[in-house]
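Here is the structure we will look at.
A, B, ... follow the sequence lines: proteins, then strands. Residue 1 opens every chain. In this text, all values refer to a predicted model and were calculated from it rather than measured experimentally.
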Amino acid sequence: MKLKQLLGYSGFTVCLLAAPLALGAGASGEAIGFTCAGCHGTDGESQGSVPSLKGEDAETLKEMLMDYKTDKDEGTVMNRIAKGYSDEEIAAVAEYFSQLK
Amino acid sequence: MSISRREFIRLLGAAGLGAGTGLFGMAPAMAGKNGGQVVIIGGGFGGATAAKYIRKLDPTISVTLVEANKTYATCPGSNWVLGGMRTMGDITFSYDKLVSQHGVKIVNDLVTGIDAAAKTVSLKGGDKLSYDRLVVSPGIDFRWDMVEGYDATVAETIPHAWKAGPQTELLLKQLKDMKDGGTVAIAAPPNPFRCPPGPYERASMIANYLKQSKPKSKVVILDPKSKFSKQGLFEGGWKELYGYGTDKAMIEWIGQDKGGDWKRIDAKNMSVHSEFVDLKADVINAIPPQKAAAIAASAGLTDDSGWCPVDGKTFESKLHPGIHVIGDASIADPLPKSGYAANSEAKVCAFAVVSMLKGVDVPTPTWVNTCYSLVGPRYGISVAMVYELTADGKIGKVEGSGGVSGPDTSRRKEASYAESWYDNIVYDTFA
């Protein structure tokens, strides 16, 4: 839990330091979060009808993404995208967006 | 943890630059002493995103973006201009925000040479820029030699419109001037090329315009390929909106097996020719075969394919260390040559550049491509995929992820998301 919080809070620098600890793990919440920006806006702040992610509750985001991943919820493109990530990566990106102010 | 990450970066930035944004012209040089000097060639989706995100990750790095033009007209959205849904002004952006918000230095000049050994970039204006790491994102050029009767001069009357700007405006004008009952020929390119769904979205958008303004007219696509991106979705939409497959069809697709492999343009006669098909048209949009832009070849960054081989994790050139190549010019398949992919590659490259300048490990990369196409104003379709670095160091699709819109996916919602996608990707790239 502590490591996850640390990763979430301090972003890139700490991710690099923590990288050896997380050997074999997936991409960081920040790296995944960057790939979302094309549709959800820089730092998850959307300019259009696609929802913003910035500052959303981490647990809620995680649950939404898991629901898309398992097809419990039917979106348009998100079911296809959520299936690209491990549960850990989903938790990490949810934590990343929840920390953005 | 009383300050947010953004505030932290802003404070870092302020400390590093020692001044507000008013002094941006000076700031990068001062900051460069700390974090290093990065030069980026090309201000499209790859280059502009790389500039912004390198500064976002480490404001002590000096970033200079070299771009020949003062504004950039995006290829995404340019088909919507042809369909009457957006104006050229809507899809044209300046680099002002990269300067004022992110402290990127813009140099409006043309690169004439890259010296990989001396780590310098020569400009047409006479200046020479030194770099610690170089990012090259030059886009595409055309293989005129592969089409008989077509070159840059002929393209002034028969547009390719595959680089947005005056070429888009020319095609738009020709469509507007065309009589009702006319034929628009789209000569599609062979793989690999920029924006795989592009020619088919273009056919859709032109048909949308014709349906409203010149309903007796039609679009005929000559295609050297036997299949194309999102084909089932496009054909489904064409059936619904443009009578595809009927005797009133406003779009006709002639694939490779029906003689779509066009090889010659007759500008005087206004016709396109393959071995089996001679198509006379009132407007011709010929999109030739493609390769990495000329500067990539002259700098020795291309291989025999005409594209640039790169390391999957860092996008560093396999031919010249210290130089990264991103966007359409790079060989990054299975990532497509799309604006979204270029934006995603730029962020992976930004992590790599920042890490390599610091001398620390490059973090695990991750990519997404999401491409929307409009078949009609309220009819959108999409393709998406998540990519990862495979065990052998190559880029691979994440198994089980991605794919195209389902039969029941709301076309209306995806049309709305397509427009939102556009607004966000251009903001993420240029602002």
Side-chain angles (χ1 to χ4, degrees), chain A residues 5-6 8-20 22-52 54-55 69 71 74-86 89 92-93 96 99-101, chain B residues 1 4-9 52-53 56-58 339-340 343-344 347-348 350-351 354-355 358 360-361 363-370 372 380 382-388 397-398 400-406 408-410 413-414 416-417 419-429 431:
Chain A
Q5 276 173 358
L6 201 63
Y9 276 116
S10 309
F12 184 60
T13 319
V14 175
C15 282
L16 286 174
L17 296 174
L23 204 68
S28 71
E30 185 179 40
I32 297 168
F34 279 7
T35 69
C36 307
C39 292
H40 289 276
T42 301
D43 298 326
E45 198 172 353
S46 177
Q47 312 292 313
S49 60
V50 172
S52 289
K54 182 184 219 173
K69 183 178 171 178
D71 291 325
E74 206 172 315
T76 52
V77 75
M78 277 312 300
N79 299 72
R80 292 172 257 158
I81 289 173
K83 289 183 180 68
Y85 304 102
S86 68
E89 287 174 321
V93 76
Y96 165 74
Q99 297 302 327
L100 294 176
K101 297 281 184 318
Chain B
M1 295 303 165
S4 72
R5 182 166 179 277
R6 173 173 269 195
E7 280 169 323
F8 175 67
I9 280 177
K52 170 174 167 174
Y53 274 81
K56 212 165 140 59
L57 288 170
D58 188 347
Y340 201 105
N343 171 283
S344 198
K347 290 163 182 173
V348 165
F351 272 117
V354 170
S355 305
K358 279 197 173 105
V360 298
D361 286 345
T364 305
T366 176
W367 303 265
V368 167
N369 181 61
T370 305
Y372 285 94
S382 66
V383 60
M385 186 62 68
V386 182
Y387 302 85
E388 64 185 347
K397 296 177 178 178
V398 176
S401 80
V404 298
S405 315
D408 299 326
T409 309
S410 165
K413 264 193 204 168
E414 290 219 297
S416 162
Y417 291 161
E419 298 203 52
S420 176
W421 170 96
Y422 181 81
D423 293 341
N424 278 318
I425 189 90
V426 295
Y427 186 94
D428 192 46
T429 302

### Query
Do you know which two heavy atoms are closest between B:Asn424 and A:Cys39, and how far apart they sit?
ND2-O, 2.6 Å
### Query
Is chain A contacted by the side chain of B:Tyr372, its backbone, both, or neither, given a heavy-atom distance below 4.5 Å?
side chain
### Task
Go through B:Gly402, B:Ala384, B:Gly400 and name the one with the most non-hydrogen pairs under 4.5 angstrom from chain A.
B:Gly402
### Summary
Ranked by heavy-atom pairs below 4.5 Å to chain A, first place among B:Ser405, B:Ser344, B:Gly339 goes to B:Ser405
### Query
Does the side chain of A:Thr42 come under 3.5 Å of the side chain of B:Lys52 through a donor N or O and an acceptor N or O?
yes
### Task
Identify which part of B:Trp421 has an atom lying under 4.5 Å from any heavy atom of chain A, answering side chain, backbone, both or neither.
both
#### Entry: Contacting moiety of B:Tyr53, where chain A heavy atoms sit under 4.5 Å
side chain
### Main-chain N/O of A:Gly84 paired with B:Ser401 side-chain donor or acceptor, under 3.5 Å
no
### Message
Could you check whether any side-chain N or O of B:Tyr340 sits under 3.5 Å from a backbone N or O of A:Thr35, counting only pairs where one atom can act as donor and the other as acceptor?
### Response
yes
### Message
Parallel, tilted or perpendicular, judged at 30° and 60°: which one describes the rings of A:Phe34 and B:Phe351?
### Response
parallel
### Query
Are the charged groups of A:Arg80 and B:Glu414 less than 4.0 angstrom apart, N to O?
yes
### Task
Quick one: do B:Thr364 and A:Glu89 satisfy side chain to side chain contact (heavy atoms under 4.5 Å, CB included)? Show the steps, please.
CA-CA 12 Å; B:Thr364 305; A:Glu89 287 174 321; over 6 Å; no
### Task
For side chain to side chain contact (heavy atoms under 4.5 Å, CB included), just list the numbers for A:Val77 and B:Tyr417, CA-CA rounded to whole Å, side-chain angles, deciding distance to a tenth of an Å, and then say yes or no.
CA-CA 10 Å; A:Val77 75; B:Tyr417 291 161; 5.9 Å; no
### Query
Any sub-3.5 Å donor-acceptor pair from B:Ser420's side-chain atoms to A:Val50's backbone N or O?
yes
### Choice from B:Asn369, B:Val404, B:Val383 maximising heavy atom contacts with chain A below 4.5 Å
B:Val404
### Message
Are the side chains of B:Pro363 and A:Ser28 in contact, using a 4.5 Å heavy-atom criterion?
### Response
no
### Task
Measure the OG-CG distance between A:Ser46 and B:Asp428 for me, rounded to the nearest 0.5 Å.
11.0 Å
### Query
What part of B:Val398 lies closer than 4.5 angstrom to a heavy atom of chain A: side chain, backbone, both or neither?
side chain
### Query
So, for A:Gly38 and B:Lys347, which heavy atoms are closest and what is the spacing to 0.1 Å?
N-NZ, 4.3 Å
### Message
Between B:Val426, B:Thr366, B:Asp58, who has the most heavy-atom pairs with chain A when the cutoff is under 4.5 Å?
### Response
B:Thr366
### Task
Would you mind checking which part of B:Ser382 comes under 4.5 Å of any heavy atom in chain A, side chain (CB onward), backbone (N, CA, C, O), both or neither?
both
### Query
Take atom NZ in A:Lys83; do more than 12 heavy atoms of anything else shown fall under 6.0 Å from it?
yes
### Query
Between B:Val386, B:Ile425, B:Asp423, which shows the greatest number of heavy-atom pairs under 4.5 Å with chain A?
B:Val386
